[in-house]
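Letters A, B, ... are given to chains in the order of the sequence lines, protein chains preceding strands, and every chain is numbered from 1.
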Amino acid sequence: MRHCALLLVLGLLCGVLAFFALSPGRGWWLPDAASTIAQPIDALFDGIGLVILLGFVLVMALLAWAVWRGARARTDRARSTHGHTGLELTWTAGVGAILVGIALAQLPTWARLRDPAEMPASGVTARVIAHQWAWRFEHPGADGVLGTADDVETASELVLPAGESVLLELRSRDVIHSFFVPELRVKQDVVPGRAIPLWFTMARAGEFELVCAELCGLGHYVMAGRVRALPRADYDAWLAARIIDARSRGAEDAR
Amino acid sequence: MSSERRGFLRTWVVSTDHKVVGIQYLVASAAMLFFGGLLALAIRWQLAWPWTEMPIVGGLVLGESGRVLSPAGYTALFTMHGTAMVFFAIIPLLTGAFGNYLVPLLVGAPDMAFPRLNAASFWIFAASIVLFFAGFGVEGGAANSGWTAYPPLATVPAAAPGSGAGQTWWLVAITVLGVSTILNALNAVVTIVKMRAPGLTWMRLPLTAWGLLVAAALQLSALPVLTAAGLLQLADRLLGTAFYTPAGLYVNAVQPDVAAGGSPLLWQHLFWFYSHPAVYVMVLPAMGFVSDILSVNARKPVFGYKPMVAAIGAIAGLGLLVWGHHMFTSGLGFEMGRAFMLSTMLIALPSAVKTFNWIATIWGGRIRLTAAMCFALGFVALFVIGGLSGLWLAATPVDVYLHDTYLVVAHFHYIVFGGTVLAVFAALHHWWPKITGRALSETLGRWHFLGTFVALNCVFLPMHQLGIAGMIRRTADPSVYQLFDRLEPLNRFVTWSAFGLMGWQLLFVANVVWSFLGGVRVGRNPWEAASLEWETPSPPAHGNFDSDLVIERGPYEYGDAAGERDFAPQARRTAPREA
Amino acid sequence: MRAFPLPYDHAVDAPRAGHVARAWDSGPPVETARFGTWVFLGSEAFFFGGLLAAYVVLRSASRAWEEPLALGLGLALTALLVASSLAASAAVRALRRGERARGAQRVLWAGLLAGLFLGLQAWEWCQLLQAGFTPQASLAGASFYVLTGAHGLHVLGGALWLLGSACALRRAGSGSLHAELAALYQHFVDLVWLVLFAILYLS
């Protein structure tokens, strides 16, 4: 009986650890990071992951040992221990210290993500408009101001300059959506009736999938978009081409 | 009166005996658990083989007409799975079934404080189940905006088909259920506070009673807030108010004909003010069962009884202050996020203390690996996994990434399935002889445990990887995103394991049947346990105790200091009661 | 694999016949019922707390918030409910002295005053609705009707409870516990009204 129990626990332990060890190689892990904020977030994830690993192994080992020892055939009785104040204080303080440590370690990153004082002062880089079940984006034109004639609108694809901090304004026309780019490690709900700021810096150029992470109705699962990060020069060129496009279309319309 | 034969109707249907009410709750909520499980299988089928014909279960859940899920069907599925499991299965299993059955027995009382109210709370519960199912039959189908029912998706009928009549039925069902739950919790609190047998001081109360008491207190304080929130949402739907509907909406490119100006986030605050403590309602009684079962089967007192009680209190108290951690990405704001992160970190402490106390309880014990003990040990192991993954989610920057991914699904299923459901199986094995007078098969029970334990890890462990890789929850088809393509084998493995897990539960059904047909008849105290419920005959008759009790000590006197045997019963039986 | 001996206790004994506790047939003891009512009121307080929290949040977030309520009418409503509450506590005092007839009369008065409150409130609702202050028109309207409506349903419950216990007091030997608990409930409903009056009519 107790051999079975021990085998079960050891099997579980090894299985779990092996499974987690193999996962990154199969791509079942954090996607490649593409923003500057990803570095501290991933570091926190790894650090807490280490605490989780140690806690898991410690508790399982203690549990397995206690059962292994306790399930032996014996006729004598257990000691009627009701507690041990010193021991209990020790583990309470130990766990408390770890939790306080984790709490403190994340504060600077949380501030970088959400503290209004950290918001880039350069003005809005693009406006994101979510609706059932697609994304629309408005880029300010040459004047750098939204709501003017040279705004550039795109559907599904948000184009942003890489390597510099960008500020998005998130709006929804209908229900709550969520702007989630796994590779950038950013996620922010888009709440109708509010304009929510979101800022980050893309560390490299590339194309990243944009996922709606908040249930928004039947088409929630297809509400995909794309974020394209371009080096500054390419971004300016893209924007200029689009502005000319928009002007010529406007001119055609006027004729 | 117990010698008198009463008809089926008076014994099992209109009885006010707390044990009968408990068994009624057990049957009803077990049925809901099975139903919720079927929905889960349909969800898993869709995630492994999207938009393909579903065998067997498809016919059962979707009917012959629609074996292939539609997006509307899928969203309704997970909405109703969550609702059925949280509100109609797990909570009633703990506070309804075991709460009703055990509370008077644990405190040495002949019944609940208000037996008729108790019976009424079950029948109101039954009515709410009917309302719940009625939602499936209405125009547009069942509610499909998630069990969290976030407005405006849930409140604007144009936003989702289930947000028409289905959502109204859902709200009515939840409100009626809330009334039933509050009445039941009221009964539990009054019974434990006012009807303890002479000598049963607070510090002699078994931890199961403490867990049930504090869970009931949490329901009494937090659930009315959800009821109030539900009334506001009902008003939005039926009266045309705009508590949760912001201004300037365009749904399907038209401005919906509803009033505006309200706040969608208000609902989230009010909803989570109850629905986060609901997690503690689902876990505190389970922690109580496990504490008792570990102690009985390790033949050792619970280690650190008073810290255990304090931890239950601390979890409940802090539990009312952490709801905002469901809203870290909702636009909650920087300071609020920081405050809720701190309270969430704090609440991990009492849970960790309890875990260490459980290990210390069995440390050096004389362990009997009964089926109940196996399940209780399984609870500790899996609760630890669920608790540890919570550390990632409590850390705000990491939660920004993991929120609404499968890691969250993995996390709470480890707590609710790995934790609570295993504790319920432990409790069933432990108290079954008391409830029915016959034992369950230990052999079958251990095999049932083994398969369940392995299969549920196969189901829920890979969900961690799915979430870490970014796969969002509530998606009907992960293959839409290239990022999630490589997760397909994991999704299929999870689904196969889920079918295995469900199938393996047949062993438990077989065990129940076996017990009724040929299970060993047991006496009053088959496990040599010390607490009060074992002083009654198995099963106890209406009125419970057939002798007067004098409570002399705490509920956990096991081991070498206990006296002539290795346990010392809490109570001394005095003169038998007169007829 | 060692199978430990299961400690099944095989001394299966049938429960002794006729030990059913009869205490429950006549209802729970007074002390328990009283405590139960207090616990229930505590839970009710959270219900109104939730509604009031929603009100405060919505109101503080809105720029325009107009409640065209008549203070005089509000004062009249308050007076009715306070009078009902006073009558109820006078009834309880009388019952404690053993004056059943007088107690029953005062309980009846308390119930009738609560009923009058409801009548006046219904009239107020009609006036306001006709004046265009509807639940659909503004959040202020929505909040007003939901708050006073939820409270009104509680007053209705209290009035029915009071009237029911007045009947019970006239008929049989019991009913004074019911009257006492109904009075307690009425005080609570009164207290909630005072809060509603302050936030709706005074600010």
Requested in this report: Could you check which of Gly217(A), Gly11(A), Pro31(A) has the highest count of heavy-atom pairs closer than 4.5 Å to chain B?
Outcome: Pro31(A)

Report summary line: Among Ile196(A), Leu53(A), Leu62(A), Leu44(A), the residue with the most heavy-atom pairs under 4.5 Å to chain B is Leu62(A)

Requested in this report: Would you check if the side chain of Lys187(A) reaches a backbone N or O of Val400(B) as a donor-acceptor pair within less than 3.5 Å?
Outcome: yes

Query raised in the report: Taking all atoms of both residues into account, what is the closest heavy-atom pair of Asp189(A) and Ser330(B), and its distance?
Result: OD2-CA, 3.5 Å

Query raised in the report: Do Asp560(B) and Ser80(A) meet the criterion of a side-chain donor-acceptor pair at a distance under 3.5 Å?
Result: yes

Query - Part of His131(A) within contact of chain B (heavy atom distance under 4.5 Å) - result: neither

Query raised in the report: With only heavy atoms counted, which part of Val191(A) is less than 4.5 Å from chain B, the side chain, the backbone, both or neither?
Result: side chain

Query raised in the report: Taking the side chain as C-beta and beyond, is there a heavy-atom pair between Thr355(B) and Val59(A) under 4.5 Å?
Result: yes

Report summary line: dist Phe20(A):CZ -> His464(B):NE2 (nearest 0.5 Å) comes out at 5.5 Å

Query raised in the report: Taking atom NE2 of His220(A) and atom OH of Tyr74(B), what is their separation to the nearest 0.5 Å?
Result: 9.0 Å

Query raised in the report: In terms of heavy-atom proximity below 4.5 Å to chain B, should Ala38(A) be classed as side chain, backbone, both, or neither?
Result: neither

Query raised in the report: Checking heavy atoms, do the side chain of Phe449(B), its backbone, both or neither come under 4.5 Å from chain A?
Result: side chain

Query raised in the report: Given the options Pro182(A), Gly193(A), Pro24(A), which has more heavy-atom pairs under 4.5 Å with chain B than any of the others?
Result: Pro182(A)

Query - Which atoms of Leu210(A) approach chain B - backbone, side chain, both or neither, heavy atom under 4.5 Å - result: backbone

Query raised in the report: Closest heavy-atom contact between Gly55(A) and Leu388(B)?
Result: C-CD1, 4.0 Å

Requested in this report: Under 4.5 Å heavy-atom distance to chain A, tell me which part of Met345(B) shows up: side chain, backbone, both or neither.
Outcome: both

Query raised in the report: Given a strict heavy-atom distance threshold of 4.5 Å, which part of Leu265(B) is in contact with chain A: side chain, backbone, both, or neither?
Result: side chain

**Report entry** Greatest number of heavy atom pairs closer than 4.5 Å to chain A - which of Asp477(B), Val353(B), Leu461(B), Leu346(B)
**Finding:** Leu461(B)

Report task. Could you check which of Met223(A), Glu183(A), His84(A), Arg79(A) has the highest count of heavy-atom pairs closer than 4.5 Å to chain B? Result -> Arg79(A)

Query - Per-residue contact mode, Leu198(A) against chain B (heavy atom under 4.5 angstrom) - result: neither

Query raised in the report: Side chain, backbone, both or neither: which part of Leu342(B) has a non-hydrogen atom closer than 4.5 Å to chain A?
Result: side chain

Query raised in the report: Any donor-acceptor pair under 3.5 Å linking the side chain of Gln132(A) with the backbone of Ala159(B)?
Result: yes

Query raised in the report: Sub-3.5 Å donor-acceptor pair from the side chain of Trp110(A) to the main-chain atoms of Ala395(B), do we have one?
Result: no

Query - Proximal component of Arg194(A), with respect to chain B [non-hydrogen, under 4.5 Å] - result: side chain

Query raised in the report: Parallel under 30°, tilted from 30 to 60°, perpendicular over 60°: which one fits the rings of Trp51(B) and Tyr221(A)?
Result: tilted

Report summary line: Answer key: most heavy-atom pairs under 4.5 Å with chain B among Arg112(A), Met60(A), Arg26(A) is Met60(A)

Requested in this report: Identify the two heavy atoms, one from Pro152(B) and one from Asp174(A), that lie closest to each other, and give their separation to 0.1 Å.
Outcome: CG-O, 3.4 Å

Requested in this report: Evaluate the criterion side chain to side chain contact (heavy atoms under 4.5 Å, CB included) for residue pair Asn357(B) and Glu88(A); output intermediate values, then yes/no.
Outcome: CA-CA 8 Å; Asn357(B) 276 333; Glu88(A) 290 170 56; 4.1 Å; yes

Query raised in the report: Is Gln106(A) reaching over with its side chain to a backbone N or O of Thr396(B), donor-acceptor style, under 3.5 angstrom?
Result: yes

Report summary line: The interface call for Pro161(B) against chain A, heavy-atom contacts under 4.5 Å, is side chain

Report task. Spell out, as yes or no, whether a donor-acceptor pair under 3.5 Å connects the side chain of Gln465(B) to the backbone of Trp29(A). Result -> no

Query - Region of Val181(A) that comes under 4.5 Å of a non-hydrogen atom in chain B - result: neither

Requested in this report: Without swapping roles, check the side chain of Arg366(B) against the backbone of Asp76(A) for a donor-acceptor pair under 3.5 Å.
Outcome: yes

Query raised in the report: With respect to chain A, which residue among Ala360(B), Pro478(B), Gly337(B) yields the maximal number of heavy-atom pairs within a distance under 4.5 Å?
Result: Gly337(B)

**Report entry** Interatomic distance, Phe56(A) atom CZ to Ile385(B) atom CD1 [nearest 0.5 angstrom]
**Finding:** 4.5 Å

Requested in this report: Look at the side chain of Arg474(B) and the backbone N and O of Leu215(A), then say whether any donor-acceptor pair between them is shorter than 3.5 Å.
Outcome: no

Report summary line: Rounding to 0.5 Å, atoms NZ (Lys300(B)) and OG1 (Thr81(A)) come to a distance of 4.5 Å

Query raised in the report: Within a strict 4.5 Å, meaning less than it, do heavy atoms of the Phe356(B) and Val95(A) side chains meet?
Result: yes

Query - Leu113(A) versus chain B, the contacting section by heavy-atom distance below 4.5 Å - result: side chain

**Report entry** Leading residue by heavy atom contact count with chain A [cutoff under 4.5 Å; candidates Leu490(B), Asp566(B), Thr344(B)]
**Finding:** Leu490(B)

Query raised in the report: In terms of heavy-atom pairs under 4.5 Å, which option from Ser145(B), Pro71(B), Pro397(B) contacts chain A the most?
Result: Pro397(B)

Requested in this report: State, to 0.1 Å, how close Gly364(B) and Ala78(A) come at their nearest heavy-atom pair, and which atoms those are.
Outcome: O-CB, 3.6 Å

Query raised in the report: So which of Gly331(B), Gly248(B), Ala160(B), Ser263(B) has the biggest tally of heavy-atom pairs under 4.5 Å with chain A?
Result: Gly331(B)

Requested in this report: Could you tell me whether the side chain of Trp392(B) and the main chain of Phe45(A) form a donor-acceptor pair under 3.5 Å?
Outcome: yes

Requested in this report: Pick one of side chain, backbone, both or neither for Tyr558(B), based on which atoms fall under 4.5 Å of a heavy atom in chain A.
Outcome: backbone

Query raised in the report: So, does Arg114(A) use its side chain to make a donor-acceptor pair with the main chain of Phe334(B) at under 3.5 Å?
Result: no

Query raised in the report: Is chain B contacted by the side chain of Leu87(A), its backbone, both, or neither, given a heavy-atom distance below 4.5 Å?
Result: side chain

Report summary line: Under 4.5 Å to a heavy atom of chain B? For Val67(A) that would be both

Requested in this report: Sort Ala394(B) into side chain, backbone, both or neither according to what part of it lies under 4.5 angstrom from a heavy atom of chain A.
Outcome: backbone

Query raised in the report: Which pair of non-hydrogen atoms, one from Glu214(A) and one from Asp404(B), has the smallest distance, and what is that distance?
Result: OE1-OD2, 3.1 Å

Requested in this report: Could you grab the distance from atom CZ of Phe180(A) to atom CD1 of Ile472(B), nearest 0.5 Å is fine?
Outcome: 8.0 Å

Query raised in the report: What closest approach, in Å, do Gln482(B) and Glu209(A) show between heavy atoms, and which atom pair accounts for it?
Result: N-OE2, 2.8 Å

Query - Donor-acceptor side-chain pairing of Gln188(A) and Thr329(B) below 3.5 angstrom - result: no

Query raised in the report: How many angstroms lie between CH2 in Trp65(A) and CD1 in Ile359(B), if you round to the nearest 0.5 Å?
Result: 14.5 Å

Query raised in the report: Which one, Pro197(A), Ala111(A), Ala105(A), leads in non-hydrogen pairs under 4.5 Å with chain B?
Result: Ala111(A)

Requested in this report: Please test Phe453(B) against Leu12(A) for side chain to side chain contact (heavy atoms under 4.5 Å, CB included), starting from the C-alpha separation and ending with a verdict.
Outcome: CA-CA 10 Å; Phe453(B) 190 73; Leu12(A) 178 82; 4.0 Å; yes

